[in-house]
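Okay, structure first, notes after.
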2 protein chains.
Amino acid sequence: MKKNTKNVSICPVSEALKVIGGKWSLQIINEIGLQKRRFGELKRLVPGISEKMLIQELKSLVGFGILHRKAYKEIPPRVEYSLTEYGVKVLPIISQIQIFGNELINKKEN
Amino acid sequence: MKKNTKNVSICPVSEALKVIGGKWSLQIINEIGLQKRRFGELKRLVPGISEKMLIQELKSLVGFGILHRKAYKEIPPRVEYSLTEYGVKVLPIISQIQIFGNELINKKEN
DNA sequence: AGTAATACAAACTTTTTTGTTAGTACCTTA
DNA sequence: TAAGGTACTAACAAAAAAGTTTGTATTACT
């Protein structure tokens, strides 16, 4: 495994989980997909999320370079979020997790 | 999206995260891979994990049908963990996360 | 009799994550 | 003048996850 400057191992899985490890990030990324989504739109699309968690996650993902944020200078405000070229690389993870999640659901039904 | 008996939506991603959403589960599953691993072995292989978290996760994963636990009636005790047929289906998720994690690491280095 | 090895268990504390509530700025329209 | 719509912010509370410490059973070996 790779080491950092202090010669401590860096685990790719751990590094990834710092970015997409929370309760909501994957759901948000999934709803954005290859589109542009407004804040209010995401609020509706991600069921159960609070406004606080939504902005918190959006900010974090923007900070990690996963999301791009475009604010229009209008009143009332309009902000659009979309995946960056890095963000797009999260989508295959989601696909795999969905496959597994569906297996779990089918398994439960027995 | 699928609905359960109470007509509430079930999200495959959420369901999957209930099983593999913690800090350690993916690392543990990754270390087991297609082999058999003893408790003590995993303790060494997963750096930084406490004994408590290790058994807690192992128990949980056994409960979800991801891991198989085989205890030998010996003293000192010997217990071997391995992936079930369901557990094996987590490996592609890990592969994808590793790809993404490595991208993050490379990105940081600039 | 004392120690070592292995795989845990239980009680408790700390840390992290998530949720709740109330409030802001700005312009438009009634 | 007052209310409405949008994207936030901040303070605080609750819940969930993770960490720490101490202890257990069993047998073999010294």
Side-chain angles (χ1 to χ4, degrees), chain A residues 8 11 13-32 35-64 66-83, chain B residues 8 11 13-32 35-64 66-83:
Chain A
V8 173
C11 170
V13 173
S14 302
E15 292 302 304
L17 291 183
K18 286 177 192 168
V19 178
I20 54 159
K23 179 176 178 183
W24 300 109
S25 47
L26 287 179
Q27 293 190 59
I28 294 169
I29 293 170
N30 194 31
E31 290 302 338
I32 295 177
Q35 305 178 292
K36 291 173 186 172
R37 293 290 197 188
R38 295 184 61 177
F39 178 85
E41 215 175 350
L42 289 169
K43 215 167 68 180
R44 266 167 287 152
L45 287 168
V46 181
I49 197 169
S50 65
E51 288 201 348
K52 182 206 149 188
M53 286 312 294
L54 183 52
I55 24 157
Q56 191 172 300
E57 285 298 313
L58 288 171
K59 260 176 145 181
S60 157
L61 292 170
V62 169
F64 279 121
I66 302 299
L67 291 184
H68 177 246
R69 177 183 187 276
K70 175 160 191 190
Y72 294 85
K73 289 186 178 147
E74 300 174 358
I75 292 293
R78 180 157 67 106
V79 180
E80 283 178 352
Y81 292 91
S82 54
L83 294 182
Chain B
V8 173
C11 168
V13 173
S14 301
E15 292 304 303
L17 292 184
K18 286 177 192 167
V19 177
I20 54 159
K23 179 176 176 181
W24 300 108
S25 47
L26 288 179
Q27 293 190 61
I28 293 170
I29 293 169
N30 193 32
E31 288 303 338
I32 295 175
Q35 304 178 290
K36 292 171 186 172
R37 293 290 198 188
R38 295 184 60 177
F39 177 85
E41 214 174 351
L42 288 168
K43 216 168 64 179
R44 266 166 289 149
L45 286 168
V46 181
I49 197 168
S50 65
E51 287 200 348
K52 181 206 149 188
M53 287 312 296
L54 183 53
I55 23 158
Q56 191 172 300
E57 286 297 312
L58 290 170
K59 263 177 143 179
S60 159
L61 292 170
V62 169
F64 279 120
I66 302 299
L67 291 184
H68 177 245
R69 177 183 189 276
K70 175 160 191 190
Y72 295 85
K73 290 188 175 142
E74 301 176 359
I75 294 289
R78 180 157 66 106
V79 181
E80 284 177 354
Y81 293 91
S82 55
L83 294 182

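Per chain, numbering begins at 1; letters A, B, ... match sequence-line order.
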Quick one: closest heavy-atom pair of A:I32 and A:L67, and the distance? CD1-CD2, 3.7 Å

Nearest 0.5 angstrom please: A:I20 CD1 to B:L17 CG, how far? 9.0 Å

Taking all heavy atoms of A:G21 and all of A:S25, pick out the closest pair and write down the distance. N-OG, 4.0 Å

Treat primed atoms plus P, OP1 and OP2 as sugar-phosphate and everything else as base, then score nucleotides 2-19 of chain C 5' to 3': B for base contact with protein heavy atoms under 4.0 Å, S for sugar-phosphate contact only, - for none. ---BBSBB-B------BB

Side-chain donor or acceptor of A:R69 paired with backbone N/O of A:V62 under 3.5 Å: no

How close do B:K36 and B:E41 get, counting heavy atoms only, and between which atoms? O-OE1, 4.1 Å

Could you state the CZ-C1' distance from A:R44 to D:dT6, rounded to the nearest angstrom? 11 Å

Bend across the helix from C:dA1-D:dT30 to C:dA30-D:dT1, to 10°, with axes taken over 5 pairs at each end? 30°

Start with the C-alpha distance between A:I28 and A:I49, add both sets of side-chain angles, then the distance that settles side chain to side chain contact (heavy atoms under 4.5 Å, CB included), and finish with yes or no. CA-CA 10 Å; A:I28 294 169; A:I49 197 169; 4.0 Å; yes

With sequence neighbours left out, write down each residue that passes salt bridge (charged side-chain N to carboxylate O under 4.0 Å, His left out) with A:R38, or none if nothing qualifies. none

Within this structure, what is the CH2-OG distance for the pair A:W24 and A:S60, rounded to the nearest 0.5 Å? 15.0 Å

Let me know the distance between CZ of A:R37 and P of D:dT6, rounded to the nearest Å. 16 Å

